[in-house]
Amino acid sequence: MQVQVVGVKKMEYMGRDSKSKIGFNYYGLKSFTKYEEENTACEGCAVITEFSNEDYNIHPGDIVEFVYEPGYQGKASLVNVLMLKMGEKPPFKVSDVAGTGQETADSKPEDPKRK
């Protein structure tokens with residue numbers, strides 16, 4: 001399945017062994033499946049989120065293919081990411097995305113006593 005990467009989040013978390021670990025959430029857009037298109041009214045793209053402990057060195061704008069294999073309890077587990085096309089730039093500007101919080105991140109909150 002081809003996915004256009006729209007975000008990558010690197011995080012630190014505590015593993016079951018009480019040791020600090022690094023993980024990655026990969027966010028992307030993909031086409032609806034043939035089944036979905038035939039049996040539902042689809043518009044736009046489907047959103048996909050995948051987690052991995054591997055840094056696949058992908059960035060917003062890249063077109064990739066997620067590779068899965070059966071994992072814990074038979075659920076699909078991400079095992080590889082194949083680069084299909086390297087993105088030249090992110091598919092959007094962060095300032096164009098509603099609700100990013102960037103509008104208030106740099107400004108100080110208003111003091112209610114001043115009103």
Side-chain angles (χ1 to χ4, degrees):
M1 131 188 47
Q2 284 191 13
V3 176
Q4 180 176 18
V5 179
V6 294
V8 177
K9 179 170 63 173
K10 180 180 180 181
M11 69 207 119
E12 190 172 330
Y13 68 97
M14 193 66 61
R16 291 183 191 198
D17 57 1
S18 298
K19 292 183 181 177
S20 180
K21 298 187 181 221
I22 301 293
F24 299 85
N25 276 339
Y26 297 106
Y27 303 93
L29 301 175
K30 68 178 188 87
S31 299
F32 289 103
T33 65
K34 186 175 180 179
Y35 176 85
E36 290 170 321
E37 290 176 348
E38 291 174 353
N39 295 289
T40 61
C42 299
E43 188 175 339
C45 296
V47 177
I48 186 169
T49 302
E50 289 296 342
F51 172 82
S52 178
N53 291 105
E54 295 290 325
D55 181 358
Y56 290 110
N57 196 27
I58 58 176
H59 305 282
D62 293 345
I63 306 294
V64 300
E65 183 172 335
F66 288 154
V67 179
Y68 301 93
E69 66 181 32
Y72 181 69
Q73 296 182 340
K75 294 181 180 176
S77 181
L78 182 65
V79 294
N80 198 7
V81 175
L82 304 174
M83 178 69 69
L84 300 178
K85 181 181 176 192
M86 211 175 230
E88 295 176 20
K89 60 181 180 176
F92 56 86
K93 288 190 264 181
V94 173
S95 61
D96 293 341
V97 180
T100 60
Q102 297 300 316
E103 306 81 20
T104 58
D106 297 330
S107 59
K108 295 179 182 175
E110 276 190 40
D111 185 355
K113 296 176 185 176
R114 291 188 143 191
K115 290 185 177 182

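Side chains included, hydrogens not; waters and symmetry mates left out as well; all remaining heavy atoms used.
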Worksheet, complete the sentence: To the nearest 0.5 Å, atom NZ of K85 lies from atom CD of E65 at 16.0 Å
Worksheet item: Which other residues end up in the same hydrophobic cluster as L82, if Ile, Leu, Val, Met, Phe, Trp and Tyr are linked when side-chain heavy atoms come under 4.5 Å apart?
Response: V67, V79
Practice prompt. With sequence neighbours left out, write down each residue that passes side-chain hydrogen bond (donor to acceptor under 3.5 Å, both in side chains) with E12, or none if nothing qualifies.
Written response: S20
Worksheet item: If every non-hydrogen atom of M83 is compared with every non-hydrogen atom of D62, which pair is closest and at what distance?
Response: CE-OD2, 3.3 Å
Extract all donor-acceptor atom pairs below 3.5 Å that involve side chains of residues 36-50 and protein atoms in other chains or at least two apart in sequence.
residue: E36; atom: OE1; partner: T33; partner atom: N; Å: 2.8
residue: E36; atom: OE1; partner: T33; partner atom: OG1; Å: 3.2
residue: N39; atom: ND2; partner: Y35; partner atom: O; Å: 2.9
residue: T40; atom: OG1; partner: E36; partner atom: O; Å: 2.4
residue: E50; atom: OE2; partner: Y68; partner atom: OH; Å: 2.8

Worksheet entry | Residues forming a side chain to side chain contact (heavy atoms under 4.5 Å, CB included) with N53, sequence neighbours excluded | Y13, F51
Side-chain donor/acceptor pairs under 3.5 Å, residues 22-31, sequence neighbours excluded:
residue: N25; atom: ND2; partner: Y27; partner atom: OH; Å: 3.3
residue: Y26; atom: OH; partner: E54; partner atom: O; Å: 2.7
residue: Y26; atom: OH; partner: Y56; partner atom: N; Å: 3.0
residue: Y27; atom: OH; partner: K9; partner atom: NZ; Å: 3.4

Worksheet item: Who else is in the cluster with Y72 when I, L, V, M, F, W and Y are joined by side-chain contacts under 4.5 Å?
Response: none
Fill in: Counterpart residues, side-chain hydrogen bond (donor to acceptor under 3.5 Å, both in side chains), relative to D17 (two or more places apart)
none
Fill in: Co-members of I63 in a cluster of I, L, V, M, F, W and Y side chains, linked at under 4.5 Å
L84
Practice prompt. Of all the heavy-atom pairs spanning S77 and G71, show the shortest one and how long it is.
Written response: CB-CA, 3.9 Å
Worksheet entry | Check: V6 and P60 side chains under 4.5 Å, non-hydrogen atoms | no
Worksheet item: Just how far is it from atom NZ of K19 to atom CE of M14, taken to the nearest 0.5 Å?
Response: 11.5 Å
